[in-house]
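Below you'll find the structure, written out as structure tokens, and then a few comments.
Ligands are counted one by one from 1 in listed order, and the atoms in each one are counted from 1 as well. Start at 1 with the first residue, then count along the sequence.
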Amino acid sequence: MVLESLTDNGVSMRYLAIISILALQGQAQHGKLDDKDKAKHPFIGDPVAIEAGHKQFANGCAACHGAEGKGGRGPNLLERLRSDELTDPILYQVIQKGVPGGGMPGANLSENEAWQLIAFLRAETSPAVEGRPGGDAKAGEESFWQTAKCGGCHAIQGRGGRIGPDLTNIGALRTRAQLRDAVLAPDLNPVQGYQSATVVLKNGQTLRGVARNRNNYSLQLQDGDGTLHLLQMDLVREITISKHSIMPNDYGQRLGKQGLQDVLAYLSRQSIRPVETAKK
Ligand code: HEC
Ligand code: HEC
């Protein structure tokens with residue numbers, strides 16, 4: 001990585017060239033980077049643009065930045081994009097013109113294509129609640145509580161089951177991509193304290209459930225009814241933590257394409273604090 005020296009207003013040297021290009025174009029006054037007052041580009045948070053941007057990323061960027069943007073020949077973009085310095089206008093310039101003197105070639109996309117790409121990159125790093133729902137949240141709510149029965153295991157605002165993590169604030173905690181992965185492939189990212197375990201007691205009895213809290217002396221096992229069993233470790237012969245989540249792994253088929261979008265829309269609206277949300 002390049003050594004970053006900071007100017008007195010906290011902007012690293014490597015962006016100065018880009019900032020001066022922007023200044024020339026009148027997009028940034030006096031090298032100020034703050035674009036917070038400006039309205040976001042309409043593509044940001046738009047699921048259709050994000051999808052198109054994803055394809056462009058796969059075609060033009062993944063070779064150097066990795067299929068998931070986690071880095072390769074080029075830096076880890078997921079980390080870099082959290083930097084306040086990399087505002088949307090700067091990102092636009094980096095994509096179109098490359099990094100002067102670095103190993104990053106300019107992509108020279110059409111304006112729309114570049115903004116689709118930015119919409120994709122932002123969606124990968126921002127909480128789902130900041131994007132548009134991208135589905136029918138009302139239909140998703142019905143599915144969550146009735147048809148797909150997610151609420152049997154998950155609670156939202158005090159209502160629902162306790163086998164899986166509480167989802168009251170999940171839209172603020174996860175990106176849309178993380179929510180999609182969580183629903184489609186529950187085995188991919190196990191959540192601490194919610195992994196399924198099989199416990200064989202010394203008396204031969206076998207118990208299955210979610211291993212909640214565990215220390216050297218005891219284990220809390222929550223069974224399918226939500227009942228907590230506190231087991232003394234000296235009565236336990238064997239504990240096996242399963243690689244497979246208790247959460248069903250066939251929701252992709254069960255929900256269908258639209259059903260999935262609707263459930264994601266509902267999840268993405270779950271946030272404790274009201275936030276600035278892109279409209280439908
Ligand atoms: C040939 C390899 C290559 C390709 C293709 C490429 N990049 Fe890069 N990219 C790099 C390298 C190397 C850097 C680091 C440059 C530096 O810091 O001097 C970089 C830097 C960046 C940065 C700046 C990160 C920072 O730390 O400030 C962004 C943003 C970026 N790339 C996005 C993209 C996007 C989006 C695409 C697809 C259009 C893309 N890159 C395609 C190699 C590449
Ligand atoms: C049988 C219980 C069960 C059902 C039904 C279930 N889940 Fe889960 N869910 C879990 C468990 C357990 C986890 C924790 C993942 C792990 O480590 O196994 C989880 C994880 C998640 C996460 C990730 C939470 C986080 O903190 O990242 C999301 C999102 C989620 N579930 C949504 C859903 C949705 C939406 C449905 C219905 C379509 C659903 N779940 C149905 C048990 C369930």
Should you measure from each heavy atom of [X], which atoms of ligand 2 turn up under 4.0 Å away?
X      : answer
Gly164 : 10 (C), 11 (C), 12 (C)
Val263 : 35 (C)
Cys153 : 1 (C), 2 (C), 3 (C), 4 (C), 5 (C), 42 (C), 43 (C)
Ala182 : 22 (C), 23 (C), 28 (C), 29 (C)
Val183 : 35 (C)

**Prompt:** Is the closest heavy atom of Val210 to ligand 2 under 4.0 Å?
**Reply:**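 Outside the 4.0 Å threshold, so no.
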Note to self: Run Leu167 and Gln270 through side chain to side chain contact (heavy atoms under 4.5 Å, CB included) and show every step you take.
What the structure shows: CA-CA 7 Å; Leu167 300 180; Gln270 303 311 316; 5.6 Å; no
Side chain, backbone, both or neither: which part of [X] has a heavy atom under 4.0 Å from ligand 2?
X      : value
Tyr194 : both
Ile170 : side chain
Pro248 : side chain
Pro165 : side chain

Look at the side chain of [X] and the backbone N and O of [Y], then say whether any donor-acceptor pair between them is shorter than 3.5 Å.
X      : Y      : result
Tyr251 : Ala148 : yes
His229 : Leu231 : no
Arg212 : Leu221 : no
Lys202 : Asp234 : yes

Give me the nearest non-hydrogen protein atom to atom 5 (C) of ligand 2 as residue plus atom name, then the distance to 0.1 Å.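 Protein heavy atom at minimum distance: Tyr251 OH, 3.3 Å.
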| query | Any nitrogen or oxygen of His65, main chain or side chain, under 3.5 Å from a nitrogen or oxygen of ligand 1? | reply | yes
Note: heavy atom closest to atom 14 (C) of ligand 1, options Gly74, Pro100, Pro75, belongs to Pro75
Candidates Gln56, Met104, Glu113; heavy atom nearest atom 32 (C) of ligand 1 found on Met104
- So with a 6.0 Å cut-off around CD of Gln192, is the heavy-atom count from everything else above 12? no
TODO: Report the name of the N/O/S atom of His154 located nearest to atom 8 (Fe) of ligand 2.
DONE: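 Output for this pair reads NE2.
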**Report entry** Polar proximity ligand 2 side, Val191 side, N/O cut 3.5 Å exclusive
**Finding:**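 Yes.
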query = Do ligand 2 and Ser245 have nitrogen or oxygen atoms that lie under 3.5 Å from each other?
reply = yes
Notebook entry, point to check: What's the spacing between Leu184 CG and Asp250 CG if we round to 0.5 Å?
Noted result: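 If we round to the nearest 0.5 Å, Leu184:CG and Asp250:CG are 11.0 Å apart.
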Query raised in the report: Measuring from Ile156:CD1 to Ile170:CD1, what's the distance to the nearest 0.5 Å?
Result: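 With rounding to 0.5 Å, CD1 (Ile156) is 9.0 Å from CD1 (Ile170).
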Measure the acute angle between the ring planes of His65 and Phe57, then classify it against the limits of 30° and 60° as parallel, tilted or perpendicular. tilted
Is atom 8 (Fe) of ligand 2 under 2.8 Å from any N, O or S atom of Met247?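 Of the N, O and S atoms in Met247, at least one lies under 2.8 Å from atom 8 (Fe) of ligand 2, which means yes.
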Numbered atoms of ligand 1 (with element) below 4.0 Å of Cys64, judged on heavy atoms: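 Under 4.0 Å from Cys64, ligand 1 has these atoms: 1 (C), 2 (C), 3 (C), 4 (C), 5 (C), 42 (C), 43 (C).
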